[in-house]
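Proteins get letters first, then strands, A, B, ... in listed order; numbering begins at 1 in each.
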Protein chains: 2
Amino acid sequence: MVLSKACTYGVLASLYVAKQSENKSYVSIRDMSDELNISFHFLTKILQKLTAEGILQSHKGPKGGVLLARPAQSITILDVVLAIDGEKVFTECVLGLPGCGAQRPCPLHNHWVTVREDLKEMFTAKTLAATSDDIRELGLRLSLD
Amino acid sequence: MVLSKACTYGVLASLYVAKQSENKSYVSIRDMSDELNISFHFLTKILQKLTAEGILQSHKGPKGGVLLARPAQSITILDVVLAIDGEKVFTECVLGLPGCGAQRPCPLHNHWVTVREDLKEMFTAKTLAATSDDIRELGLRLSLD
DNA sequence: GTAATAAAAGACTCTTTTATCTTAAATTAA
DNA sequence: TTAATTTAAGATAAAAGAGTCTTTTATTAC
Ligand code: SF4
Ligand code: SF4
């Protein structure tokens, strides 16, 4: 798995929040966890991290929940991935060799670097706004089942 | 991490065996684990799987060890990856959604499929023979440090 | 045949990730 | 100001992945 489960949940949740974000009200984590079929408390932790990283803002109490901290057009899926799994996704060696770099690269290196960059490009190219719009247009559900 | 640790160890070990395979004698797992700095018993388990999958052949007793079961030119890195981590590396959804396929794909799908195929192509293109030759020519060490 | 060697097999431990449960703090509405 | 709601925080548990240890089995060399 390229991304951790926490990270994929974070991406799904971000898209869900983006999709709801026309209603100016906060998005309930409980509703979200029900809709997406993700454990409430686990999701809460992930969203806390996204909040700490400045991608979401949260609000306690009745009518509380989370919202995008910035316009959905300005947040890419890459932003969410980096907030949760960090840079390592895009810097790691495919053979897990530590400290092995581009100087004297092994036969896999060049190809691997293009794969990694293509993956990063994929996440960079998609904003939450564009992606959630597409998802809505296609009538796709984000749920885990 | 795209590949499990067991899988990266398996690839490194296969390349090591391929490199030694001019000497017709069996390659000692103990020597290999020392050279590659991989836990002996853990490596043994991985090699057992490669043996069961028909990639290696093994021999017990003094002068025992493992050998490639087929010519190094006929074994790709993909073969090793599939033997250990299986097809899922190349079939999984990047968002971890189960049973979600190409019919009504999400906005990430097409790009993701090309990334996955490129990764698979990378492993397919490299035989153990060619890769270990390149590694020898470059004077690279496979060790984990 | 015996002793030494080396892989096979399986039990066991440690670590990380994933998931759950409990309590605390903040906010709202009555 | 009180009760209800909802996120924050942190402890705990379960599962998976990684690594270790012990015993068994097969083979070689003497
Ligand atoms: S040169 Fe090879 S082993 Fe080193 S980081 Fe690149 S892909 Fe990994
Ligand atoms: S359509 Fe999207 S969610 Fe479904 S398998 Fe493809 S990448 Fe994953």
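- Between His59(B) atom NE2 and dT28(D) atom C1' there is a gap of 8 Å when expressed in whole angstrom units.
- Contact check, Ser58(A) against dT6(D): no side-chain N or O comes under 4.0 Å of OP1 or OP2.
- Closest to the side chain of Lys45(B), from the set dA8(D), dG10(C), dA7(C), is dG10(C).
- Atoms NZ and CD1, on Lys5(B) and Ile84(B) in that order, are 14.0 Å from each other to the nearest 0.5 Å.
- Atom pair Leu50(A):CG and dT7(D):P shows a separation of 14 Å (rounding to whole Å applied).
- Nearest to the side chain of Gln48(A), among dA6(C), dT27(C), dA8(D), sits dA8(D).
- Taking the six-membered ring where tryptophan is involved, the planes of Phe123(A) and Phe90(A) are perpendicular, since the angle between them exceeds 60° and thus also 30°.
- Under 3.5 Å, the side chain of His41(A) and the base of dT7(D) form no donor-acceptor pair of N or O atoms.
- For the pair Leu36(B) CG and dG19(D) P, the interatomic distance rounds to 13 Å; values are reported in whole Å.
- Rounded to whole angstrom, the span from the CD atom of Gln57(B) across to the P atom of dA26(D) amounts to 18 Å.
- The nearest whole Å value for the distance from the CG atom in Asp31(A) to the C1' atom in dT6(D) is 11 Å.
- Considering Leu128(A), Val80(A), Leu36(A) in turn, Leu128(A) is the only one that fulfils the side chain to side chain contact (heavy atoms under 4.5 Å, CB included) rule with Leu15(A).
- Distances from the side chain of Phe40(A) to the nucleotides dT25(D), dT7(D), dT28(D) place dT7(D) closest.
- Following rounding to the nearest Å, Leu43(A) (CG) and dA9(D) (C1') show an atom-to-atom distance of 16 Å.
- Using a 4.0 Å cutoff on non-hydrogen atoms, the parts of residues 19-29 of chain A near DNA chain D are Ser28(A), Ile29(A), ordered by number.
- Checked for salt-bridge contact, Arg141(B) and Glu35(B) meet the test: a charged N lies under 4.0 Å from a carboxylate O.
- Open room surrounds NZ on Lys24(A); 12 or fewer heavy atoms of other groups in view lie less than 6.0 Å from it.
- Of the two residues contacting DNA chain C, namely Lys63(A) and Pro62(B), the nearest-nucleotide position lying further toward the 5' end is that of Pro62(B).
- In this structure, a donor-acceptor pair under 3.5 Å is present between the side chains of Asp79(A) and Thr76(A).
- Of the residues near DNA chain D, Gly61(B) and Gly65(A), the one whose nearest nucleotide (by heavy atom distance) lies more toward the 5' end is Gly65(A).
- Side-chain nitrogen and oxygen atoms of Tyr9(A) include at least one within less than 4.0 Å of the OP1 or OP2 phosphate oxygen of dA19(C).
- By the 30° and 60° cut-offs, the orientation of the rings of Tyr26(A) relative to His59(A) is parallel.
- Side-chain proximity of Phe42(B) to dA26(D), dT5(D), dT20(D): nearest is dT20(D).
- Rounded to whole Å, the distance from NZ on Lys49(A) to P on dT18(C) is 11 Å.
- Between Lys60(A) atom NZ and dT7(D) atom P there is a gap of 11 Å when expressed in whole angstrom units.
- Listed nucleotides: dT6(D), dA19(C), dA8(C). Nearest to the side chain of Lys5(A): dA19(C).
- Between dT20(D), dA19(C), dA4(C), one nucleotide has an atom nearer to the side chain of Ser39(B) than all others, and that is dT20(D).
- In the hydrophobic clustering of ILVMFWY residues, with side-chain heavy atoms under 4.5 Å counting as a link, Leu138(B) and Ile77(B) come out together.
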